Every structure is written in structure tokens, then in C-alpha cells.
Undergrad: 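Would you mind keeping the following structure in view while I ask a few things?
What you see is a predicted model; the values in this text were computed from it and never measured.
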Amino acid sequence: MNKETISLEMEVYEFIEDLEERDARLLRAARSETKNAYAPYSQFRVGAAALLTNGELVKGTNQENASFPAGICAERVLLSTASSLFPGMAIESMAISYDNINGNSDKPISPCGICRQSIYEFQSRTKQPIRIIMGGQEGKIFVLENAASLLPMVFGAEDMQ
Ligand code: THU
């Protein structure tokens, strides 16, 4: 028996001013996009913004539903929007932020499990790793070079060959 370890490396920034300008711009867009969320049930407004490889900016917010499972996360709204407006175009980087109306918004959040799987599918099919920038309205910021590291032992199309 052998033991193996899977580790995750990320960059941690104290201030948005410390980010590269293109990342800072994307995080600002995600922060501001939270105001367009439809989150009357959770009061947890999530905003995502992505820079496509053609230079376009695409945004998404969570859209909830009285039938809770019918709601959809900001990240998957963004992926569907990108893929509908610019079919086949890759995403270079995506920022994710939130505004927790009844609590704090000062720690990064990372995409939920379903979104991780969807982000992985998107980057696999476009053959371009997606850089992920995570931050609240304030506080520390995490940056991952490749969204694949969010989902160790991922199940993907390659496993079905
Ligand atoms: N949510 C997102 O949109 N993205 C995430 O990364 C985490 C959770 C949404 C789903 C739901 O509308 C609300 O946040 C609370 O879970």
C-alpha cells in the first residue's frame, strides 16, 4: 500500500491593490455584480465575472426559486451565458464574490461542488485552464491558476474513453 497526497497551491493577497490589474478589475466587477442577484430566500448574493480569451467580459449572479432546488449558482449562470453568447470561446479567468446581506462578506468563498464540476467541463472542452479569483466585498483574496485544483480526482470526459 502506498499513500499519496493531493495538495492545492493558491496565492493569497491581503488587498485588492496587490492583485494584477486585470484580476483586480475582474474582482471589482464580481463584487459589483452581486447587486443583480435574485436571492430573496438566502439573502446571499453571489456575483461572478469572467474574462474570455476574446477580451469580452461576461457576468452572472445566483438566481433562486421558491422551489429551492430550481435555483442556480452565479458561476453556472456565467458559464451558460458565456457559452451562449460566445460559443466555444474559452474563459481566461473568473472572479467570484458575494454580498451576505445578513452577515459578513469579508472572506473568500469558493464554488460549490456542482459548479466545480461545471467549471471543469468548461475548461476541458475549451482546452484552457480557468484562473479563479475569490474574494468577498473586503478581506483576503485567493487566486488559483487552474480551476481543476478545486476538484481533486475529478470525473471527466477523459474517464469515459
Ligand atoms: N451560491 C452561488 O451562487 N455560488 C456559490 O459559489 C455558492 C452558493 C448561491 C446558491 C444560493 O442561491 C445561495 O448562494 C446560498 O447558497
Undergrad: Could you list who else is in Leu57's hydrophobic cluster, with ILVMFWY side chains joined at under 4.5 Å, directly or through other members?
TA: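 Cluster partners of Leu57: Tyr13, Ile16, Leu19, Leu26, Leu27, Leu51, Ile133, Ile141, Val143.
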Undergrad: Is a side-chain N or O of Arg131 found less than 3.5 angstrom from the main chain of Met94, in a donor-acceptor match?
TA: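 No.
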Undergrad: Can you check whether Thr53 reaches Thr126 side chain to side chain, under 4.5 Å on heavy atoms?
TA: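 Sidechains of Thr126 and Thr53: no contact.
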Undergrad: Is a side-chain N or O of Ser97 found less than 3.5 angstrom from the main chain of Gly135, in a donor-acceptor match?
TA: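 Yes, the answer is positive, given that a donor and an acceptor are paired below the 3.5 Å cut-off.
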Undergrad: State yes or no: do Phe122 and Val77 share one hydrophobic cluster built from I, L, V, M, F, W and Y residues joined by side-chain heavy-atom distances below 4.5 Å, directly or via other members?
TA: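 No, Phe122 does not connect to Val77 through the hydrophobic network.
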Undergrad: Hydrophobic cluster mates of Tyr120, side-chain heavy atoms under 4.5 angstrom, ILVMFWY only, any path?
TA: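 Members other than Tyr120 - counting any ILVMFWY side chain reachable under 4.5 Å - are Leu151, Val154.
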Undergrad: If Ile, Leu, Val, Met, Phe, Trp and Tyr residues are connected whenever their side-chain heavy atoms lie under 4.5 Å apart, and connections chain through other members, are Phe142 and Leu150 in the same group?
TA: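 Yes, one cluster joins them.
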Undergrad: Who are the side chain to side chain donor-acceptor pair (under 3.5 Å) partners of Glu75, not counting sequence neighbours?
TA: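 Side chain to side chain donor-acceptor pair (under 3.5 Å) check on Glu75 returns nothing, list empty.
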Undergrad: Does any N or O in the side chain of Gln117 come within less than 3.5 Å of the main-chain N or O of Phe155, such that one atom is a donor and the other an acceptor?
TA: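 Present.
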Undergrad: What pair of heavy atoms forms the shortest contact from Pro111 to Cys115, and how long is it?
TA: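 Heavy atoms only, the tightest pair is CB-CB, 3.9 Å.
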Undergrad: Looking at Ala49 and Ala30, what are the two nearest heavy atoms and their distance?
TA: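 Distance-wise, the nearest heavy atoms are CB-N, 3.8 Å.
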Undergrad: Hydrophobic clustering (ILVMFWY, side-chain heavy atoms < 4.5 Å, transitive) - are Ile91 and Phe86 grouped together?
TA: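 As far as the 4.5 Å side-chain criterion goes, Ile91 and Phe86 are connected within one cluster.
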Undergrad: Applying side chain to side chain donor-acceptor pair (under 3.5 Å), can you list everything that pairs with Glu14, at least two apart in sequence or on another chain?
TA: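 Applying side chain to side chain donor-acceptor pair (under 3.5 Å) to Glu14 gives Lys140.
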Undergrad: Report the residues that fulfil side chain to side chain donor-acceptor pair (under 3.5 Å) with Ser32, sequence neighbours left out, ordered by chain and then residue number.
TA: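 With sequence neighbours excluded, Ser32 shows a side chain to side chain donor-acceptor pair (under 3.5 Å) to Lys35, given in chain and number order.
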Undergrad: Hey, are the side chains of Ile132 and Met10 touching, using non-hydrogen atoms and a 4.5 Å cut-off?
TA: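 The answer is no; the side chains never approach within 4.5 Å.
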Undergrad: Can you give me the closest heavy-atom contact between Arg31 and Gly136, atom names plus distance?
TA: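 The pair with the smallest heavy-atom distance is NE-O, 2.8 Å.
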Undergrad: Considering residues at least two apart in sequence or located in another chain, which fulfil the salt bridge (Lys or Arg N to Asp or Glu O under 4.0 Å) criterion with Arg28?
TA: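 Only Glu21 meet the salt bridge (Lys or Arg N to Asp or Glu O under 4.0 Å) criterion with Arg28.
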Undergrad: Counting only N and O atoms by type, is there a donor-acceptor contact under 3.5 Å from the side chain of Asn146 to the main-chain atoms of Pro129?
TA: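 No; zero donor-acceptor contacts below 3.5 Å.
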Undergrad: Quick one: CE on Met89 to CG on Leu52, what's the gap to the nearest 0.5 Å?
TA: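 Met89 atom CE to Leu52 atom CG measures 7.0 Å (nearest 0.5 Å).
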Undergrad: With ILVMFWY side chains joined below 4.5 Å, transitively, what does Phe68's cluster contain besides itself?
TA: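 Direct or chained contacts put Phe68 with Tyr38, Tyr41.
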Undergrad: Identify the heavy atoms of Leu144 and Ser149 that sit nearest to each other, and give their distance.
TA: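 Shortest heavy-atom contact: CD2-OG, 3.8 Å.
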Undergrad: Could you list the residues that satisfy salt bridge (Lys or Arg N to Asp or Glu O under 4.0 Å) with Glu158, not counting sequence neighbours?
TA: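 In terms of salt bridge (Lys or Arg N to Asp or Glu O under 4.0 Å), with neighbours along the sequence ignored, Glu158 is linked to no residue.
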Undergrad: Is there a path of hydrophobic side-chain contacts, each under 4.5 Å between heavy atoms of I/L/V/M/F/W/Y residues, joining Ile114 to Met134?
TA: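 As far as the 4.5 Å side-chain criterion goes, Ile114 and Met134 are not connected within one cluster.
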Undergrad: Glu64: what forms a salt bridge (Lys or Arg N to Asp or Glu O under 4.0 Å) with it, not counting sequence neighbours?
TA: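 Listed in chain order: nothing, the list is empty.
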Undergrad: Could you give all pairs that pass the salt bridge (Lys or Arg N to Asp or Glu O under 4.0 Å) test and reach residues 107-126, with sequence neighbours left out?
TA: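 Pairs touching residues 107-126 that pass the test: none.
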Undergrad: Not counting sequence neighbours, which residues clear salt bridge (Lys or Arg N to Asp or Glu O under 4.0 Å) with Glu56? List them please.
TA: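 Counting only residues at least two positions away or on another chain, Glu56 forms no salt bridge (Lys or Arg N to Asp or Glu O under 4.0 Å).
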Undergrad: Rounded to the nearest 0.5 Å, how far does OG of Ser83 lie from CG of Leu79?
TA: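 Going from CG on Leu79 over to OG on Ser83, the span is 8.0 Å.
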Undergrad: Evaluate the criterion side-chain hydrogen bond (donor to acceptor under 3.5 Å, both in side chains) for residue pair Thr61 and Gln63; output intermediate values, then yes/no.
TA: CA-CA 6 Å; Thr61 53; Gln63 301 294 317; 2.7 Å; yes
Undergrad: Can you list the residues that meet the side-chain contact (heavy atoms from CB on, under 4.5 Å) rule with Ser105, with sequence neighbours excluded?
TA: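 For Ser105 the side-chain contact (heavy atoms from CB on, under 4.5 Å) partners, ignoring immediate neighbours, are Tyr98, Asp99, Asn100, Gln137.
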Undergrad: Asn62 side chain to Phe44 main-chain N or O, any donor-acceptor pair under 3.5 Å?
TA: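 Indeed, once roles are kept as given, a pair shorter than 3.5 Å links the two residues.
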